[in-house]
Amino acid sequence: MSGAAVVISARTYADFTTQATFEIKKCDVHKLDETPATQVVMTREEGLQYYRTMQTMRRMELKADQLYKQKIIRGFCHLYDGQEACAVGIEASINRNDHLITAYRAHGYTYTRGGTVKEIMAELTGRRGGIAKGKGGSMHMYCKNFYGGNGIVGAQVPLGAGVALACKFQGNNELCVCLYGDGAANQGQIFETYNMAALWKLPVIFICENNRYGMGTSVERAAASTDYFKRGEFIPGLRVDGMDVLCVREATRFAADHCRSGKGPILMELQTYRYHGHSMSDPGISYRTREEIQEVRSKSDPISLLKDRMLSNNMASVEELKDIDVEVRKEIEDAAQFATTDPEPPLEELCNHIFHNNPPVEVRGTNPWSKLKSVS
């Protein structure tokens, strides 16, 4: 009987569509003659990978919400649930040796850039096994070619341009993706960076993740122009459906080609939505209604959109996607278990890694008489 079951299973998998063509929403453009493709191909393998990654990010954020409410995660914590299609679509179109820098809503990007769920959860709880050794917390996570979440509004944008300048100097055909939110879009340093990037033709993709609310303020109340994709003025721009992973993927691919061909910077606005409040201290329903959140969830959820596409095109079965959900839940639970049992870093490691490649130095402690050592 088990042999027969295997045969049936194998036949079912062979019956799936290996790839399908989808019609996606056209991007609005600024100062561009061409636009990203509106007919795109997705393979079954890609679809399953996008689904697993988005589900992992969603479950990780829901677990972080739970641990924060249990007071196991302390300090600041900004969740990314609802915006998963942005991170997954971007990563599907750039290379692992390209560079990425973002603001403090950074857990998802830490994962897509190569961090593990276990390392991210342990960083959230301030443990030794965290991706920044428990010293960064929610807002400051790093891994190779990922320059972290930045806690200062908009400050990552000039840093990203600096990374792009290094790419240009080194002539390695790499680029930097530089992300910020609609709440940071009115920062002066962003416009100064646009100017330098355009003058020097830097290979940088500026991406405004417009989730409609900067803290508790809607975009209409914060910006005289909410056409964020046009605000580079002399930099070409794209406005993209940030809830559709395929829209984000195609637009980013288009933007990456633009940068690599030596045309300089390009600006993308991803229209997305966050389900939680700005941070854990914000209930998220004092400036918008529960009905608004529910409507976005029911009509535009990035995971549901991808799931419906795959099922209606015979690219996966309901059972197969349920199996992925079960595996993801287990991974998150195991990571949470590690993040609550792993020890905190010892006090003597507090000042380590302040400098790179320096001989050990003494650092003043909490009073003039206590001394700590800093080891590179």
Side-chain angles (χ1 to χ4, degrees), residues 25 27-28 53-54 57-58 61 78-94 99-113 138-139 141 146-157 159-160 176-187 190 193-194 204-220 222-223 226-232 235 237-252 255-256 265-279 282 284 288 296 300-303:
K25 205 180 285 180
C27 296
D28 296 320
T53 307
M54 289 202 283
M57 289 162 71
R58 175 72 55 88
E61 297 299 56
H78 303 81
L79 303 182
Y80 197 69
D81 51 325
Q83 300 183 209
E84 296 89 354
C86 299
V88 175
I90 290 165
E91 288 289 2
S93 309
I94 62 171
H99 308 266
L100 192 143
I101 187 166
T102 187
Y104 38 67
R105 208 174 295 283
H107 312 160
Y109 287 101
T110 311
Y111 179 66
T112 60
R113 287 270 89 191
S138 169
M139 297 206 291
M141 298 186 183
F146 175 57
Y147 305 87
N150 198 302
I152 299 170
V153 177
Q156 71 278 10
V157 179
L159 294 178
C176 183
V177 174
C178 186
L179 295 125
Y180 56 96
D182 52 280
N186 303 311
Q187 280 274 326
I190 290 179
T193 306
Y194 288 165
V204 57
I205 307 174
F206 295 113
I207 299 184
C208 175
E209 288 184 291
N210 176 7
N211 61 24
R212 292 172 35 186
Y213 297 95
M215 295 189 76
T217 307
S218 68
V219 291
E220 294 79 14
T226 57
D227 286 339
Y228 294 105
F229 72 113
K230 292 181 179 175
R231 290 175 67 177
I235 296 175
L238 298 162
R239 180 160 57 195
V240 185
D241 179 358
M243 300 301 269
D244 182 344
V245 69
L246 294 183
C247 282
V248 178
R249 186 187 76 177
E250 290 312 306
T252 310
I266 189 164
L267 175 54
M268 284 168 60
E269 175 190 345
L270 304 182
Q271 293 192 309
T272 184
Y273 197 81
R274 58 170 163 79
Y275 294 155
H276 270 85
H278 169 74
S279 68
D282 166 20
R288 59 182 182 177
V296 176
S300 311
D301 183 75
I303 298 174

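We use all heavy atoms of the structure for the numbers below, so side chains are in, but hydrogens, waters and symmetry mates are not. It should be emphasised that the depicted structure is a prediction, and the values quoted were computed from it without experimental measurement.
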* Asked: How far does CG of Leu270 sit from CD1 of Ile90, to the nearest 0.5 angstrom?
  -> 5.5 Å
* Structure fact -> Scanning both residues in full, the closest heavy-atom pair of Ser93 with Ala256 reads O-CB, 4.3 Å
* Do you know the tightest heavy-atom contact between Cys247 and Asp241? -> CB-O, 3.5 Å
* Asked: Which atom pair, heavy atoms only, marks the closest approach of Cys178 to Gly160?
  -> SG-CA, 4.0 Å
* Stepwise side-chain contact (heavy atoms from CB on, under 4.5 Å) test for Ile190 and Phe206 -> CA-CA 10 Å; Ile190 290 179; Phe206 295 113; over 6 Å; no
* Does a side-chain heavy-atom distance below 4.5 Å link Glu269 with Asp28? -> no
* Asked: What pairs of residues pass the salt bridge (charged side-chain N to carboxylate O under 4.0 Å, His left out) test when at least one of them lies in residues 102-113, not counting sequence neighbours?
  -> Glu91-Arg113
* To do: Mind checking the CG-CG spacing from Leu159 to Asn150? Nearest 0.5 Å is all I need.
  => 6.0 Å
* **salt bridge (charged side-chain N to carboxylate O under 4.0 Å, His left out) contacts touching residues 210-220 (sequence neighbours left out)** => Arg212-Glu292
* Does Arg274 reach the main-chain N or O of Tyr213 with its side chain, forming a donor-acceptor pair under 3.5 Å? -> yes
* State the CZ-CG distance between Arg239 and Asp227, to the nearest 0.5 angstrom. => 4.5 Å
* From Gln156 CD over to Thr102 OG1, what is the distance, rounded to the nearest 0.5 angstrom? -> 6.0 Å
* Is the gap between the ring centers of Tyr109 and Phe146 under 6.0 Å? -> no
* Asked: Are the side chain of Ser279 and the backbone N or O of His78 linked by a donor-acceptor pair below 3.5 Å?
  -> no
* Asked: Would His107 and Tyr80 count as a ring pair (Phe, Tyr, Trp, His ring centres under 6.0 Å) if you check the C-alpha gap in whole Å, the side-chain angles of each, and the deciding distance to 0.1 Å?
  -> CA-CA 7 Å; His107 312 160; Tyr80 197 69; 8.7 Å; no
* What closest approach, in Å, do Val245 and Gly89 show between heavy atoms, and which atom pair accounts for it? -> CG2-N, 3.7 Å
* **Closest approach of Ala185 to Arg231 (non-hydrogen atoms, all atoms of both residues)** => O-NH2, 3.6 Å
* To do: Answer yes or no: is there a side-chain heavy-atom contact under 4.5 Å between Met215 and Asp282?
  => no
* Asked: Are Tyr147 and His99 close enough that a side-chain donor and a side-chain acceptor fall under 3.5 Å?
  -> yes
* Asked: Do Tyr104 and Ile152 have side chains that get closer than 4.5 Å, going by heavy atoms?
  -> no
* **Spacing of Cys27 atom SG and Met268 atom CE [to the nearest 0.5 Å]** => 7.5 Å
* Polar side-chain atom of Asp182 near backbone of Asn211 as donor-acceptor pair, under 3.5 Å -> yes
* Asked: Phe229 versus Val240: any side-chain heavy-atom pair under 4.5 Å?
  -> no
* To do: Could you pull out all residues at least two apart from Glu84 that satisfy salt bridge (Lys or Arg N to Asp or Glu O under 4.0 Å)?
  => Arg58
* Are any of the side-chain heavy atoms of Val296 and Tyr275 separated by less than 4.5 Å? -> yes
* Asked: What's the spacing between Leu100 CG and Ile207 CD1 if we round to 0.5 Å?
  -> 7.5 Å
* To do: Give the minimum heavy-atom separation between Val248 and Cys86, together with the two atoms involved.
  => CG1-O, 3.6 Å
